[in-house]
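First the structure, in the form of structure tokens, and then the observations on it.
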Amino acid sequence: MDSSGKAKEKWPRKIIHVDMDAFFAAVEQRDHPEYRGKPVIVGGTPEGRGVVSTASYEARPFGVHSAMPAAQAKRLCPEGIFLRPRFEAYQKESAVIMAILRRYTPLVESVSLDEAYLDVTVNRLGIEDAAAVATLIKQHIFAATHLTASAGVAPNLFLAKIASDFKKPDGLTVITPSSTEAFLRELPVRKIPGVGPVTEKELLRYGYKTCGDLVRAGAERLVRQFGKHGGHLYERACGRDEREVEPFSESKQYSTEETFSSDTRDLEKLKSCLAGYARDLLGYLKESGRMGRTIVLKLKYADFEQITRSRTLPEMPERWQDLYAVAEDLLLRRTEAGRRPVRLIGLGISGLGPARPPQQPGLFDSLPSALPKSD
Ligand code: TTP
Ligand code: MG
């Protein structure tokens, strides 16, 4: 029994998933007070052909969401404030957030700029109650950045991710081992990470609306109907996930890209984009203390065919000019750029890892004074 008289539940592992709320838009609202409380839409310009990166919570009731063409977002939300993304600002914030998370446990896996898993089964505060750790983390992030995060606490990564998404923004949801089944029973299949609109449609065709429906169908039938993927869905619907938090995978790729306002065959224009990207990418990597050796060029031709061409180097280039030289070579030798009109160009570095072994600062070193000190 614990102090509240409740029987203590046995947790195989305690995982927290942290996901920032409307990340890019929240940074813009923080930095521009005049945008607070207003629908802010970050991404391509509505006059152009780019897409929405994200929308503030004020814009979401209008139906605006990530990956929607910005022009469509403008039709849905004419009073929206449309902003171009400021990636350096978001990367800087992300680095602050990830550094905070690493103070609680070295077992932090950052899966994107605004999202990470932590294994706090054992943590540096020595707190058993993972929900209490998640509460501290949310306060810590807010004190340092003035941005809100939502957190999910659960016995595995899959459930923790579902939980962090359950009550956004500024939410905290706990799924305990004993509440897992009830939690999943009515959960729509679309909420399973990896189930997009196409898979959802397919599942609905067979009458599977919720995780409960998948569990009732059983593994055998699902494998018959959907092959290996069916078996995977069954495991998740039962709330099982054996994946570990992998601290060294960090963010797997960092990239930047742009959709042109009109398709182009102009090689000079493409090359000048790549030079700008190379400068940004290398600056970011150096600043965030990471290194990556695989250079990835991405092109989308006017007919929407998309290709990537990559090259892995013996070590990360020191100067942006060297990174650019690789990108240019890929562009000129391994694509049809110049001969075929191009709609989008992007450059990325993958296989990222920390340049130095992660440090283990004291948990409360340089802690913002706003964070309540434990006594
Ligand atoms: P998400 O965490 O998916 O979205 P979000 O943080 O904006 O909102 P939520 O409160 O629902 O978590 O993505 C994090 C950031 O990544 C987002 O602010 C912008 C960027 N992003 C894109 O650029 N394109 C996309 O399609 C998505 C989904 C995100
Ligand atoms: Mg987010």
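In each ligand, atom 1 is the first atom listed, and ligand 1 is the first ligand listed. No hydrogens, no waters, no symmetry mates; every other heavy atom, side chains included, goes into these values. Numbers here are sequence positions counted from 1.
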I'd like to know if the Mg ion (ligand 2) has an N/O/S atom from Met20 within less than 2.8 Å of it, counting both backbone and side-chain atoms.
yes
contact_flag Tyr90 ligand 1 heavy-atom lt 4.0 Å
no
The Mg ion (ligand 2) is nearest to which N, O or S atom of Asp19?
OD1
Do the charged groups of Lys14 and Asp129 touch, with an N to O distance under 4.0 Å?
no
Does a side-chain N-to-carboxylate-O contact under 4.0 Å join Glu88 and Lys92?
no
Nearest protein heavy atom to atom 23 (O) of ligand 1, by residue and atom, and its distance?
Ser53 CB, 3.3 Å
Is the closest heavy-atom distance from Pro169 to ligand 1 below 4.0 Å?
no
Tell me whether Glu115 reaches ligand 1 (any heavy atom closer than 4.0 angstrom to a ligand atom).
no
In terms of ring plane angle, is the pair Tyr104 and His140 parallel, tilted or perpendicular, where the classes change at 30° and 60°?
perpendicular
Nearest protein heavy atom under 4.0 Å from atom 3 (O) of ligand 1, yes or no
no
Could you tell me whether Glu235 and Arg240 have a side-chain N and a carboxylate O separated by less than 4.0 Å?
yes
Note: Arg333-Asp329 ion pair, threshold 4.0 Å (strictly below):
yes
Is there a salt bridge (charged side-chain N to carboxylate O under 4.0 Å, His left out) between Glu28 and Arg86 once you walk through the steps?
CA-CA 9 Å; Glu28 298 304 336; Arg86 290 184 299 135; 3.0 Å; yes
Hey, are Asp241 and Arg13 close enough for a salt bridge, meaning a charged N less than 4.0 Å from a carboxylate O?
no
Please work out which of the three classes, parallel, tilted or perpendicular, describes the rings of His232 and His229, given edges at 30° and 60°.
parallel
Polar proximity ligand 1 side, Val52 side, N/O cut 3.5 Å exclusive
no
Does the plane of the ring in His32 sit parallel, tilted or perpendicular to the ring in Tyr35? Use 30° and 60° as the thresholds.
tilted
At a 4.0 Å cut-off, with the gap strictly under it, does some heavy atom of Arg60 reach an atom of ligand 1?
yes
For atom 6 (O) of ligand 1, state which one of Asp165, Thr148, Leu147, Asp114 supplies the nearest heavy atom.
Asp114
Has ligand 1 got any nitrogen or oxygen that is less than 3.5 angstrom from a nitrogen or oxygen of Asp19?
yes
A student checking ligand 1 against Met20 at a 4.0 Å heavy-atom cut-off should list atoms 6 (O), 9 (P), 10 (O), 12 (O)
Side-chain contact, heavy-atom cut-off 4.5 Å: Glu257 with Lys300?
no
Among non-hydrogen protein atoms, atom 7 (O) of ligand 1 lies closest to Thr54 OG1, 2.5 Å
Short list, please: which atoms of ligand 1 are under 4.0 Å from a heavy atom of Ser66?
25 (C), 26 (O), 27 (C), 28 (C)
I'd like the atom name of the N/O/S atom in Asp114 lying closest to the Mg ion (ligand 2).
OD2
Note: heavy atom closest to atom 16 (O) of ligand 1, options Phe23, Tyr57, Phe87, Phe24, belongs to Phe24
